[in-house]
Each structure stands twice: as structure tokens, then as C-alpha cells.
Amino acid sequence: MLNYLWGFMIVLGITVGVLRGEIAAVSNATINSSKEAVSLCITMLGIMAMWTGIMHVAKKAGLVTAFTKGIRPIIRFLYPDIPKDHIVNEYIASNMIANILGLGWAATPMGLMAMKELRALNNNSEVASCDMCTLLIINISSLQLIPVNIIAYRSQYGSANPAEIIGCGLIATICSTFVGVVFSVIARKRAKRRVMKKAPR
């Protein structure tokens, strides 16, 4: 669907440019945007590589394990069906920590590893479990104390004060995470009720 949407927008832009006699401006914008995209990718690749490396060092140093123990009550509340000492708890903790620090790209590898383990706990079913859905919701809502990626974007495009969005970003992500947690808890309870109703008596 997205391919069709982007294709439609590209064709529409070219058509409007031709009709208005500004096809040269369209060509220049395409070339300039391509250069900006490559430059931005290089910048963000460096940031992602640095923070992913820091997360791996933290894991080797035992900091991730310590953080996992610190936020264990939160993980147990959000993922009550996961075994207490399963490795997926560390992956989820790493994903949450990276997201809280605003490192969305660094959070992705840990999120994928957590999802892989959750799928294994779900007997490799093609139907997502409640824990898998919760991980996705919490990852998307993404409580952020310091939105590093957005600050990097703003810096890349010449913002006078790239970090001024921290307050607004914190409020927005607190609200989105709160709504995500409430939805996950309600959806899990409803799913368990359906299972209990279907269970033979």
C-alpha cells in the first residue's frame, strides 16, 4: 500500500511540475533531497553505531542486568506470562532503556531479539501473543527522557536550539506510553476472558 502511495505522490508532483512549467525545479529538488538523505543517513548511522556500541558495553559490564533488576517490577507488570529468569527480560529491558534515552535506532536490534524470543515462547505461532503485542505497543509509544535522534535531526538541519523540544517530547511520550500501557492491560484481560470462555468445562 505504501508503495502505491509514494508512487502516486511522485507521479503527482512530476505532473504538477510539468503543468506549471517548473520541471527544472522538481529535478533540482530531487537531486538536493537525495544528497541530504545520504548526508542524514551517514549522520544517523554514526549515532546509531555509537549508542549501540555503548549498549553492548553496558551489557558486558553488567549494567543491563542491574537495570533489568531495577525495572523488573515494571516488566513483570507488563509481561506477567514471561518466565522470571528468561533471557528475553534482558532484551526487553535493553529495548526500554534505549527508548527512554531516545535511541530509537539502538532500541530496534534489542526489540527484534526480544520479539524472536517471545515468538519462541509462543511456540512459533503465526498469531502474536499478548506479550508480543505489548512489546510492540510499548516500543512504539516509547517514553523518552532525551530524544537523541530528533535532536540530531534538528541539529542536522540547522536548528538554533536543537534540544528545546525535550520538555514537549517528554510530555507527549508520557501520555502515549500511559495510553499504551492502559490499552495493553485491558486487551490482555479481555484476551484471557475469551480463552477462559472457550476452555472446556
Verify side chain to side chain contact (heavy atoms under 4.5 Å, CB included) between Gln144 and Ile166, making sure each step is shown before the conclusion. CA-CA 9 Å; Gln144 293 185 3; Ile166 289 178; over 6 Å; no

Co-membership, hydrophobic cluster, residues Ile100 and Ile171, 4.5 Å side-chain: no

Compare every heavy atom of Gly70 with every heavy atom of Pro73, then report the nearest pair and how far apart it is. CD-O, 3.7 Å

Do Pro80 and Arg188 touch side chain to side chain, with heavy atoms closer than 4.5 Å? yes

Do the side chain of Arg72 and the main chain of Lys84 share a donor and acceptor less than 3.5 angstrom apart? yes

Would you mind reporting whether Asn89 and Pro83 have side-chain heavy atoms less than 4.5 Å apart? no

Is atom CG of Asn123 surrounded by more than 12 heavy atoms (other residues, nucleotides or ligands) closer than 6.0 Å? no

Using every non-hydrogen atom in the two residues, find where Ala114 and Leu135 come nearest and quote the distance to one decimal. CB-CD2, 3.8 Å

So, for Thr134 and Ser184, which heavy atoms are closest and what is the spacing to 0.1 Å? OG1-CB, 3.9 Å

To the nearest 0.5 angstrom, please state how far the OH atom of Tyr91 sits from the CE atom of Met115. 14.5 Å

Passing candidate, side chain to side chain contact (heavy atoms under 4.5 Å, CB included) with Leu143, options Ile174, Val181, Asn99, Ile138: Ile174

Find out whether Met110 and Glu90 are in side-chain contact, i.e. whether some heavy atom of one side chain is under 4.5 Å from a heavy atom of the other. no

Say you draw a straight line from CG of Leu78 to CD1 of Ile71; how long is it, rounded to the nearest 0.5 Å? 9.5 Å

Quick one: does Ser176's side chain get under 4.5 Å of Thr173's, heavy atoms only? yes

Are the side chain of Arg154 and the backbone of Asn161 linked by a donor-acceptor contact shorter than 3.5 Å? yes

I'd like to check Leu118 versus Leu121 (side-chain heavy atoms, cut-off strictly below 4.5 Å). Are they in contact? yes

Are Ile97 and Leu170 connected, step by step, through hydrophobic side chains (Ile, Leu, Val, Met, Phe, Trp, Tyr) whose heavy atoms are closer than 4.5 Å? yes

Hey, mind stepping through Lys192 and Asp81 against salt bridge (charged side-chain N to carboxylate O under 4.0 Å, His left out) and telling me if it holds? CA-CA 11 Å; Lys192 286 185 176 180; Asp81 300 326; 3.8 Å; yes

What's the spacing between Ser129 OG and Arg119 CZ if we round to 0.5 Å? 10.5 Å

Check for me, please, whether Val185 and Phe183 land in the same ILVMFWY cluster - side-chain distances under 4.5 Å, paths through other members count. no

Kindly work out whether a path of hydrophobic side-chain contacts (I/L/V/M/F/W/Y, heavy atoms less than 4.5 Å apart) joins Tyr79 to Met132. yes

Consider only side-chain heavy atoms of I, L, V, M, F, W and Y, link residues closer than 4.5 Å, and tell whether Ile92 and Ile74 are in one cluster. yes

Any side-chain heavy atom of Met113 sitting closer than 4.5 Å to one from Val88? no

Answer yes or no: is there a side-chain heavy-atom contact under 4.5 Å between Glu117 and Ile87? yes

Between atom CG of Asn95 and atom CG of Leu112, what is the distance when rounded to the nearest 0.5 Å? 9.0 Å

